[in-house]
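Quick note on labels: first sequence line is chain A, next is B, and so on, each numbered from 1.
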Amino acid sequence: MYCLLKLAPLFLAVAVCNGWLFGDFVGKQKEQDEISLWPLPQKFQSSAVAFKLSPASFQIVHAKQSSAGPSCGLLENAFRRYFEYIFGDLKKSEKSRKKVYDSDLVELQVWVTSADPECDGFPSLQTDESYELSIDEPSAVLKAANVWGALRGLETFSQLVYEDYYGVNKINKTDISDFPRFAHRGILLDSSRHFLPLKVILANLEAMAMNKFNVFHWHIVDDQSFPYMSRTFPELSQKGAYHPFTHVYTPSDVKMVIEFARMRGIRVIPEFDTPGHTESWGNGIKDLLTPCYSGSSPSGTFGPVNPILNSSYDFMTQFFKEISTVFPDAYIHLGGDEVDFRCWESNPDIQKFMAQQGFGTDYSKLESFYIQRLLDIVAATKKGYMVWQEVFDNGVKLKADTQIHVWKGRPQYQDEMGQVTAAGFRALLSTPWYLNRISYGQDWVNIYKADPQNFTGTDAQKKLVIGGEACLWGEYVDATNLTPRLWPRASAVAERLWSDKSVTDVGNAYNRLVQHRCRMVKRGIPAEPLFVGHCRQEYKGL
Amino acid sequence: GRILIPYSTFNFYKEYLFGFETLVFQVHGVWPLPQQLHQSADRGCLSPQRFSFTYGRDSAAQTGCSVLDAAFKRYFSIIFPDFTKGSENRLQYVWSEPQPFVVSVSVKTGGCDGYPDEDSDESYNLSVSEGQAVLRSVTVWGALRGLESFSQLVYQDDYGSYFINKTEIVDFPRFAFRGLLLDTSRHYLPLHAILKTLDAMAYSKFNVFHWHIVDDPSFPYQSRTFPDLSNKGAFHPFTHIYTQSDVMRVIEHARMRGIRVVPEFDSPGHTQSWGKGQPGLLTPCYKGGVPSGSFGPVDPTIDTTYKFMESLLKEVKFVFPDSYVHLGGDEVSFACWQSNPNVRKFMEKMGFGKDFTKLESFYMESIMNMTAALNRTSIVWQDVFDYHERIPQDTVLEIWKGEKYQAELSRMTQAGHRVLLSAPWYINHISYGQDWRNSYAVQPQNFSGTEEQKKLVIGGEVAMWGEYVDATNLTPRLWPRACAAAERLWSNEEKTLNADLAFPRLEEFRCELLRRGIQAEPLFVGHCKHEYDGL
């Protein structure tokens, strides 16, 4: 948790008490101080009545009726985090409690209503993240069924607090009733094309929570490197990582990511993509990959996982047994995309196998054969799975609760969403949200406009859309540029996935997003600018 | 000598290394590529404890030379980062005592307290042999370039020992003006972001910081003469300004690295923020016979404008030591001038008819003459040449418009003007993939013209305009993409035409930038030994 302290925003008391000195400046500040909620809550009512919050007296506390209490570490940590976001790095001082004025808001009571607050649990696809927030004197009340909804409400509460011209923290009388439009709101980070140091991952989990994202899709390994340190097969990272010590995620690193995410109501779904995208696996596991042939002899290069050897399946059985225990989430992403058939075609043993199985020369049948067995292996670990759309496109027999991840631009993703849901599968959208693709200017607008339910289909089909993910593939991204490239562009996705369908006004979104990005900057996240302008507190890093 | 890893807690690591790593002859590129570089496989070991820089006996500069004393200190830390970081796993020399290594630096002329200028000789010769390196240059600025090259020649093997190969370098820049533009108006850039950029510029042998310090959105320069300009025109009058001492610091930081600071005070357009602190400066726009309340470019019809500009330029001359000043002159919209009855009257009086470019020329000519009278050389954007035939001959023209810049190069040099090329290096424009290759492919002298005309191309500039850039993303967006232009402007073009050959060198240089604390983004998949450890 050391990162938490590092990220705690610097609170600089803005010495602008002498607002009268700069007539023009006051006007500018006013704009800044407008409340800017992001993503926009479902129901929101606010009045001009404002209450002051004093860092010396304001407290975030458990409501008396709440099923969660001081033993709920998750909430206690969240209280501290949000106290610091609201007041900066000031320490709560119990002694010097000042006189409470009539107009002060003295506390935020957090009321968890379910018998089980889930303090020590993990969020899931079924988690109820709704909350109600009522801000009135002398106490504000945040009501949620469980800690996960409470976390979302705390974020909203912190966004409601603003500074007036004299640097006083204020909050307006407000009522909010909020819930997410989609249950799965994810960010994909790729730690294989470039290794991402732990602190970059943690900082982005922090930023995700600020945007109410709830899934970290960890594309942890791929062709280029295998940074995941496996307990069962340590040679995978020893030989497959960029460096066996400095460029790996140890079991305790992984644990830390999962716990850091849990504390913020974020699920961690690892992706172990096979049978393609596995070059780096072959360094550590002999005979796992298909030897490619050049003419009649092996060329020395390797292709996808060898689907005709029992040893491949034995390996996968043991490997996914480990994964299913390391990662607590009910889902694993199994990849299954972009399998190049040329190597399989070149290999005489594979050709023989194809003939035996009666596959002819249709290698997608071989791919399906592999995936089918893999799905059975993973199903035996009691995990659900997500797969990239090719697995569905190729007609692999899938369990009914499989989630199909749509990423291709062709055919039109709207058609694919229609087909996936027509077949009764749950669908996730990523196609319009490949944020690694950059262009000049305000590309967040198109990101914002995309809607996962914008396809032809019945209401039942629409309900099968469980959400989407912003993907930041790693070819051109590492610790140097990841955070500003992701934020605030991913925030556009966050609002699309959380807020009501009708929230589509780009002009209104721009004004709120400008301030939301300054808020992220203030909290230590180097979110890049949307356009010309400034933040009261510019980024202090470098 | 042969070096062994200490027999210590690192045993496991050692075994691992012996098991899987093989020693190979490493290629150690220098970026930008020197004009002549000969390296041999013979290498010598450097020990931080026994390494030193000295002034050659015949050197005009000796201890006490501010620029070089500071450079020695700086480069020692750059060359031996582990030493200065106090790494715990210091390696022990088991088989032999460390040998001394001396870098002897000799410059022909002193000038340690001066500033680099357009005539500064940046050439140097570097000869690395056993136990020593000899660096010779005409000026201290050349010595700085040579020290940079030397620092890039040193490498560490897998055990952490430092080596340098026998090397001979004869080097000089292809172009005298190798600039980088930062825009501190669209977004305010904190001082440390500017200083960091100057560091990285020195690593890439850039030598001009073009400070586009003010523009429409904000006026962060705190003027001694007109404090209201930033009081009212900056994003914030205290937190978003450059004080005089900030500016001094930038100029001194740049000087120490052989970098000129050329400020741009762009007018008559791009001046919205000026108007807030200087009432009466901008042209009031009219709508239906009455002032609309909005303002256009600087009002070129009234005397007070010229008095103001003269005072401002006098201050600029006083504050910025460089002999060049960028006067802008780009993208002037005529709509406001057209709407204003006083401006129309003036046009009539001057006999300009309805040709507002004549009014614009009238203004720019006055400003350029003012600048010349202050003994400063003007740089202006290409627009001024495009609409105005009678530009003072020694004015430098900067090309920024993307299309057909070759034709523009021909025209301008034919008219006898010195030219700077920036059009193909607007690297604020981003796209997916390896766009550094486009920057690298630029051939600044590939236009139709005589040899004399080609010589009038004095260099070019990488421009990082600020619409979408601030301290959060500036550095990774600049580096290593700007390095492509750095090599084009320094190195021999024929030796550096192939981007595929440059790629591994640039990848290595990018990792070196990371090691030096510059947040340079990756070129493609892969890794660096020392990854960036910030956010």
Which heavy-atom pair separates B:Phe235 from A:Gly533 by the least distance, and what is that distance? CE1-O, 3.6 Å

Return the CD to OG1 distance between A:Glu538 and B:Thr239, rounded to the nearest 0.5 Å. 7.5 Å

Search all heavy atoms of B:Gln434 against all heavy atoms of A:Tyr476 and return the closest pair with its distance. CG-CE2, 3.8 Å

Between the main-chain N or O of B:Gly526 and the side-chain N or O of A:Tyr242, is there a donor-acceptor pair closer than 3.5 Å? yes

A quick test of your reading: do over 12 heavy atoms of other residues, nucleotides or ligands sit less than 6.0 Å from CZ of B:Arg516? yes

Nearest 0.5 Å, please: how far is CG in B:Asp533 from NZ in A:Lys199? 5.0 Å

Of all of A:Ser225, A:Ser439, A:Pro197, A:Ser192, which one pairs up most often with chain B through heavy atoms under 4.5 Å apart? A:Ser439

Given a strict heavy-atom distance threshold of 4.5 Å, which part of B:Leu474 is in contact with chain A: side chain, backbone, both, or neither? neither

Least distance between heavy atoms, A:His194 atom then B:Pro522 atom: NE2-CB, 3.2 Å

Closest approach of A:Pro529 and B:Asp470, non-hydrogen atoms and distance? CD-OD1, 3.4 Å

Just so I know, are the side chains of A:Tyr440 and B:Glu467 near enough to count as touching, which here means a heavy-atom distance under 4.5 Å? yes

Side chain, backbone, both or neither of B:His187 within contact of chain A (heavy atoms, under 4.5 Å): both

Which region of B:Asp216, side chain (C-beta onward) or backbone (N, CA, C, O), has a non-hydrogen atom less than 4.5 Å from a non-hydrogen atom of chain A, or is it both or neither? neither

Are the side chains of A:Gln224 and B:Phe524 in touch, meaning some heavy atoms are under 4.5 Å apart? no

Name the region of A:Val477, side chain, backbone, both or neither, that has any atom closer than 4.5 Å to a heavy atom of chain B. backbone

Heavy atoms of A:Thr480 and B:Tyr532 approach each other most closely as CG2-CB, 3.5 Å

Within the 3.5 Å criterion, strictly below it, is a donor on A:His247 or B:Glu531 matched to an acceptor on the partner's side chain? yes

Between A:Asn436 and chain B, with a heavy-atom cut-off of 4.5 Å, which part of the residue counts as in contact: side chain, backbone, both or neither? both

May I ask you to name which of B:Glu521, B:Arg477, B:Lys529, B:His527 has the most heavy-atom pairs under 4.5 Å with chain A? B:His527

Among B:Cys528, B:Ala520, B:Ser185, B:Gly433, single out the residue with the greatest number of heavy-atom pairs under 4.5 Å to chain A. B:Gly433

If I compare all heavy atoms of B:Pro190 with all of A:Tyr539, which pair ends up nearest, and what's the gap? CG-O, 4.2 Å

Test side chain to side chain contact (heavy atoms under 4.5 Å, CB included) on B:Tyr188 and A:His534 and set out the steps. CA-CA 7 Å; B:Tyr188 177 78; A:His534 79 295; 5.6 Å; no

